[in-house]
Chemist: 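Here it is, the structure, as structure tokens.
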Protein chains: 2
Amino acid sequence: MGQGDVPDIVVGRLPIYLRALKRLQADGHEITSSHELSRRLGISSAQIRKDLSHFGEFGKQGTGYHISALSNALEGILHVDREWHVALVGVGDLGRALAHYGGFVDRGFRISLLFDSDPAKIGQKIGDLTIRSLDDLAQSITENGIKMAMIATPAGAAQEVANHLVAAGVRSILSYAPIVLSIPDEVHVQYIDPVIHLQKMAFYLD
Amino acid sequence: MGQGDVPDIVVGRLPIYLRALKRLQADGHEITSSHELSRRLGISSAQIRKDLSHFGEFGKQGTGYHISALSNALEGILHVDREWHVALVGVGDLGRALAHYGGFVDRGFRISLLFDSDPAKIGQKIGDLTIRSLDDLAQSITENGIKMAMIATPAGAAQEVANHLVAAGVRSILSYAPIVLSIPDEVHVQYIDPVIHLQKMAFYLD
DNA sequence: TAGATTGTTAATCGATTAACAATC
DNA sequence: TAGATTGTTAATCGATTAACAATC
């Protein structure tokens with residue numbers, strides 16, 4: 001039930017389960033089963049049950065799972081039953097798209113700080129938020145107690161930005177820069193690079 | 001050396017190796033080793049050697065790997081020693097960012113068709129490309145022999161778009177919509193949903 | 001030669017699946 | 001009750017790692 005004994009790969013599937021449950025709920029379902037989830041997600045029902053069993057017993061024999069109860073439980077386990085404030089560094093095309101994206105808030109996250117190195121952008125507003133200088137990064141992040149950040153800078157700037165983020169107390173980084181970052185072990189990093197996905201699929205083509 | 005006998009998880013690491021090699025090359029290196037790659041990528045040297053051994057022998061005992069030779073070999077294995085034309089469906093903020101992104105071309109991909117359902121957008125240009133109606137999707141994709149597509153539509157439209165893409169002959173889809181798509185087994189799908197990554201990392205926070 | 005590193009084998013480790021008693 | 005589905009165990013499957021002979 002703790003964190004240390006749950007395999008990372010299991011943790012990685014929990015958000016997938018949560019997303020599916022939210023969707024079922026939005027579609028008006030109240031009850032589901034490991035078999036129904038299996039069909040929808042392409043993950044075996046045994047695996048779904050085993051994954052959940054790391055955290056407790058959420059179902060009822062013969063019936064399945066009450067969607068809202070399981071959904072709430074997963075939100076608690078994932079710590080997304082609150083709102084995490086997230087800093088976004090790099091307000092180019094991608095950063096702008098992320099800043100405008102409406103899909104963060106109802107899933108536990110809110111972008112609340114924007115940074116860019118371009119003097120022409122500093123001071124500009126996107127929605128409620130003003131783009132700040134990288135010089136203010138450490139102070140703003142510390143003051144706001146921010147623990148999560150997204151990097152949407154060019155690859156060449158990403159490592160230095162990551163260093164500053166970590167120094168300022170950020171403990172989780174989602175990076176869109178196509179490089180592997182050097183980061184202390186206790187800081188979590190995840191990467192999004194669409195080309196990696198395209199190249200993987202190209203292997204199977206032709 | 002074929003495709004059927006190589007584990008999917010191994011294929012998934014090849015683009016990571018390729019990206020690291022390109023970077024080493026850009027930094028002026030000519031030779032590397034499984035140990036150096038291991039240090040940079042956080043993947044064990046034994047695993048790197050084992051992964052590569054599925055496809056041939058690329059190194060030299062005592063020396064390591066000639067970067068450009070291994071890089072070329074991986075490009076061939078991944079089929080990115082050519083340019084894949086990719087269709088992009090959904091030209092909102094994210095689609096626009098993808099259309100402007102310069103990082104596709106030198107890694108084997110070119111967005112060459114844009115589609116959107118919004119009549120106000122149809123006919124607009126982004127760079128060289130004109131945004132087309134979804135009504136033209138089947139014909140354009142078939143005519144251009146396009147095999148890969150990216151979906152950057154709202155979640156509600158993604159499944160129907162995917163159906164049309166598959167019907168038109170697309171065999172690999174990279175979807176940014178936060179839903180699992182129902183797709184025939186022979187079509188490859190990959191997903192990018194930043195919230196999934198953030199939620200996974202939130203588990204370890206607090 | 002001495003040192004380094006590969007490719008590969010065998011051992012270990014961990015994840016997935018099948019099966020089923022419990023029970024709603 | 002009969003049917004369905006859970007949670008869990010044990011078996012299977014697959015991936016990672018350690019170790020080393022080969023050799024540059």
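Quick note on labels: first sequence line is chain A, next is B, and so on, each numbered from 1.
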Chemist: Parallel, tilted or perpendicular: which fits the ring planes of B:Phe203 and A:His79, with parallel below 30° and perpendicular above 60°?
Modeler: parallel
Chemist: Looking at B:Asp128 and B:Arg110, is any side-chain nitrogen of the basic one under 4.0 Å from a carboxylate oxygen of the acidic one?
Modeler: no
Chemist: Please say which of A:Arg13, A:Gln190, A:Arg107 ends up in a side chain to side chain contact (heavy atoms under 4.5 Å, CB included) with B:Ile196.
Modeler: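 Exactly one pass, corresponding to A:Arg107.
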Chemist: Would you write the dot-bracket representation of DNA chain D, where each base gets (, ), [, ], | or . depending on whether it forms a Watson-Crick or G-U pair under 3.5 Å and with which partner?
Modeler: ..||||||||||||||||||||||
Chemist: So what does B:Ser34 touch, heavy atoms closer than 4.0 Å: a base, only the sugar-phosphate, or nothing?
Modeler: sugar-phosphate
Chemist: Check whether A:Asn144 reaches the backbone of A:Ile146 with its side chain - one donor and one acceptor, N or O, closer than 3.5 Å.
Modeler: no
Chemist: Taking atom CD of A:Glu83 as the centre, report whether more than 12 heavy atoms of other residues, nucleotides or ligands fall under 6.0 Å from it.
Modeler: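 Counting neighbours around CD of A:Glu83, more than 12 heavy atoms of other residues, nucleotides or ligands fall under 6.0 Å, so yes.
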Chemist: For DNA chain C, what residues of residues 59-71 of chain B have any heavy atom nearer than 4.0 Å?
Modeler: B:Gly59, B:Lys60, B:Gln61, B:Gly62, B:Thr63, B:Gly64, B:Tyr65
Chemist: With a 6.0 Å cut-off (strictly less than), is the heavy-atom count around CD of A:Gln139, excluding the residue itself, greater than 12?
Modeler: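 No, the 6.0 Å shell around CD holds no more than 12 heavy atoms from other groups.
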Chemist: For B:Gln159 and B:Asn163, run side-chain hydrogen bond (donor to acceptor under 3.5 Å, both in side chains): C-alpha distance rounded to whole Å, both residues' side-chain angles, the deciding distance at 0.1 Å, then the answer.
Modeler: CA-CA 6 Å; B:Gln159 181 63 61; B:Asn163 295 346; 2.8 Å; yes
Chemist: Is the shortest side-chain N to carboxylate O distance from B:Lys22 to B:Asp106 below 4.0 Å?
Modeler: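 No.
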Chemist: In terms of the nearest nucleotide of DNA chain C, which residue is placed more toward the 5' end: A:Arg49 or B:Ser53?
Modeler: B:Ser53
Chemist: If you compare all heavy atoms of B:Ser38 against all heavy atoms of B:Ile43, which two are closest, and at what distance to 0.1 Å?
Modeler: OG-O, 2.7 Å
Chemist: Where does the chain B footprint on DNA chain C start and end, counting 5' to 3' with a 4.0 Å heavy-atom cut-off?
Modeler: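 With heavy atoms of chain B under 4.0 Å away, the range is C:dA4 to C:dT9.
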Chemist: Rounded at 0.5 Å granularity, tell me how far CG in A:Asp116 sits from CG in A:Leu134.
Modeler: 7.0 Å
